[in-house]
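Notes follow once the structure below has been shown.
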Amino acid sequence: MNRPVRTRTDPDEMRARILAVADEQFRRIGTHKTSVADIASELGMSTANVYRFFPSKGAIIESICGRVVNEVTEIAFAIARTSAPASEKLDQLLTAVHHHSKTTLVKEKRMHDMIVAAMQENWAIIKAHTERVVTIFEAIIREGIEAGEFKVEDSAKAARAVKTAFTPFFHPILIEHCLRHGEDNEAGLREQIRFILKALGKSH
């Protein structure tokens, strides 16, 4: 059976190409200095054509932002799926999430700024990301309770409390504040993780 010849670019493929160029430009010169016309020009297409795939520059930024925060979720899922004890998983996960945010700030400052803007504007994408991370916390805490490692009763409440306690090491603005003032947030990170594990009633 002969397959029809494809004359038009697949919409998903085109969206992916637009996002790839936007991602590169955002990392190189930032979101403010990148226009939709710049992205279109790089792709050899008209600005109007880009708008066929994304209704606005904001929609492109939101998609790129989603990609960046999804990296964190993937790291969290990978750790949650290991067979390590729950307390070790939680320690590794909190450490990895903090280090990802810190690396983005140091090495990808423009991406960091984009995430900060999204948080300040309270984008749904950030809210959904935070909820996913809290759900992963909850699953690990539940495992810890079942294994007799943790002594809390409500894993959902405990997961929200962990998120709150970890906010200084989770929130990009607070991480930037620490680094700007030369604070040793690695020592603080270890201390806070010990505090969280103790609060969960970790058995030694």
Side-chain angles (χ1 to χ4, degrees), residues 6-78 93-134 136 163 166-186 188-189:
R6 224 172 42 164
T7 52
R8 294 175 70 87
T9 307
D10 177 80
D12 289 341
E13 194 183 302
M14 198 62 242
R15 281 174 66 87
R17 281 177 61 198
I18 291 167
L19 288 177
V21 168
D23 189 295
E24 189 274 325
Q25 299 233 5
F26 290 169
R27 286 175 197 272
R28 193 162 46 83
I29 59 172
T31 54
H32 295 302
K33 290 183 181 170
T34 303
S35 66
V36 174
D38 293 333
I39 296 166
S41 169
E42 190 70 28
L43 286 159
M45 65 191 329
S46 68
T47 305
N49 208 7
V50 173
Y51 284 124
R52 282 180 50 227
F53 298 93
F54 292 93
S56 63
K57 179 182 165 182
I60 296 173
I61 294 172
E62 201 164 328
S63 290
I64 300 291
C65 191
R67 281 179 166 191
V68 177
V69 296
N70 279 343
E71 287 172 15
V72 177
T73 313
E74 281 165 22
I75 291 166
F77 273 130
L93 198 160
L94 294 171
T95 304
V97 166
H98 172 70
H99 285 161
H100 184 280
S101 296
K102 200 157 86 168
T103 302
T104 303
L105 166 59
V106 175
K107 295 187 176 171
E108 297 279 4
K109 179 71 167 68
R110 293 185 177 97
M111 290 287 120
H112 165 85
D113 292 343
M114 181 179 71
I115 301 292
V116 167
M119 291 180 103
Q120 288 170 332
E121 288 168 34
N122 203 16
W123 287 1
I125 208 160
I126 297 292
K127 192 165 182 280
H129 162 65
T130 306
E131 282 168 9
R132 277 197 303 271
V133 172
V134 171
I136 297 168
K163 189 212 89 172
F166 202 65
T167 295
F169 302 92
F170 186 62
H171 199 297
I173 295 174
L174 299 175
I175 293 170
E176 185 174 1
H177 176 84
C178 274
L179 288 184
R180 196 177 281 161
H181 291 83
E183 292 172 25
D184 180 4
N185 66 354
E186 275 309 304
L189 171 71

Stepwise side-chain contact (heavy atoms from CB on, under 4.5 Å) check, Q25 with T31: CA-CA 8 Å; Q25 299 233 5; T31 54; over 6 Å; no
Working to the nearest 0.5 Å, report the span between [atom1] of [X] and [atom2] of [Y].
{"X": "M14", "Y": "D12", "atom1": "CE", "atom2": "CG", "answer": "12.0 Å"}
{"X": "H98", "Y": "F170", "atom1": "NE2", "atom2": "CZ", "answer": "12.5 Å"}
{"X": "T104", "Y": "D113", "atom1": "OG1", "atom2": "CG", "answer": "11.0 Å"}
{"X": "I125", "Y": "C65", "atom1": "CD1", "atom2": "SG", "answer": "6.0 Å"}
{"X": "E74", "Y": "N70", "atom1": "CD", "atom2": "CG", "answer": "6.0 Å"}

Qualifying salt bridge (charged side-chain N to carboxylate O under 4.0 Å, His left out) pairs, either residue in residues 20-32, two or more places apart: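 Of all non-adjacent pairs touching residues 20-32, those that pass salt bridge (charged side-chain N to carboxylate O under 4.0 Å, His left out) are D23-R27, D23-R67, E24-R28, R27-E108.
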Pair listing, salt bridge (charged side-chain N to carboxylate O under 4.0 Å, His left out) test, anchored in residues 39-49, at least two apart: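 Applying salt bridge (charged side-chain N to carboxylate O under 4.0 Å, His left out) to every pair that reaches into residues 39-49, excluding sequence neighbours, yields nothing.
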Within the structure provided, determine whether [X] and [Y] are in side-chain contact (heavy-atom separation under 4.5 Å).
{"X": "F26", "Y": "V21", "answer": "no"}
{"X": "M114", "Y": "I64", "answer": "yes"}
{"X": "L43", "Y": "R17", "answer": "yes"}

Salt bridge (Lys or Arg N to Asp or Glu O under 4.0 Å) against D38, all qualifying residues, sequence neighbours excluded: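 Once residues adjacent in sequence are excluded, D38 has no partner under the salt bridge (Lys or Arg N to Asp or Glu O under 4.0 Å) criterion.
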For E176, all residues meeting salt bridge (Lys or Arg N to Asp or Glu O under 4.0 Å), sequence neighbours excluded: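 E176 satisfies salt bridge (Lys or Arg N to Asp or Glu O under 4.0 Å) with K109, R180 once adjacent residues are dropped.
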Where [X] and [Y] come nearest, the two heavy atoms and their spacing:
{"X": "I136", "Y": "A76", "result": "CD1-CB, 3.6 Å"}
{"X": "R110", "Y": "G30", "result": "CD-N, 3.0 Å"}
{"X": "A118", "Y": "I126", "result": "CB-CG1, 3.7 Å"}

Stepwise side-chain contact (heavy atoms from CB on, under 4.5 Å) check, L189 with H99: CA-CA 10 Å; L189 171 71; H99 285 161; 4.0 Å; yes
Qualifying residues under side chain to side chain donor-acceptor pair (under 3.5 Å), relative to H100, sequence neighbours excluded: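 Listed in chain order: E71.
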side-chain contact (heavy atoms from CB on, under 4.5 Å) assessment of F169 paired with V97: CA-CA 8 Å; F169 302 92; V97 166; over 6 Å; no
Residue K57 excluded, over 12 heavy atoms near NZ under 6.0 Å: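 Atom NZ in K57 is packed in, count exceeds 12.
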Criterion side-chain contact (heavy atoms from CB on, under 4.5 Å) on I18 and S63, from CA distance to verdict: CA-CA 11 Å; I18 291 167; S63 290; over 6 Å; no
N/O donor-acceptor pairs under 3.5 Å from side chains in residues 44-51, not counting sequence neighbours:
unit_1 : atom_1 : unit_2 : atom_2 : d
S46    : OG     : N49    : N      : 3.1
N49    : OD1    : R52    : NH1    : 2.5

Partner of T34 under side chain to side chain contact (heavy atoms under 4.5 Å, CB included), chosen from I29, I60, I61: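 Passing option: I29.
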Side chain R15, main chain F53, donor-acceptor under 3.5 Å: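 Present.
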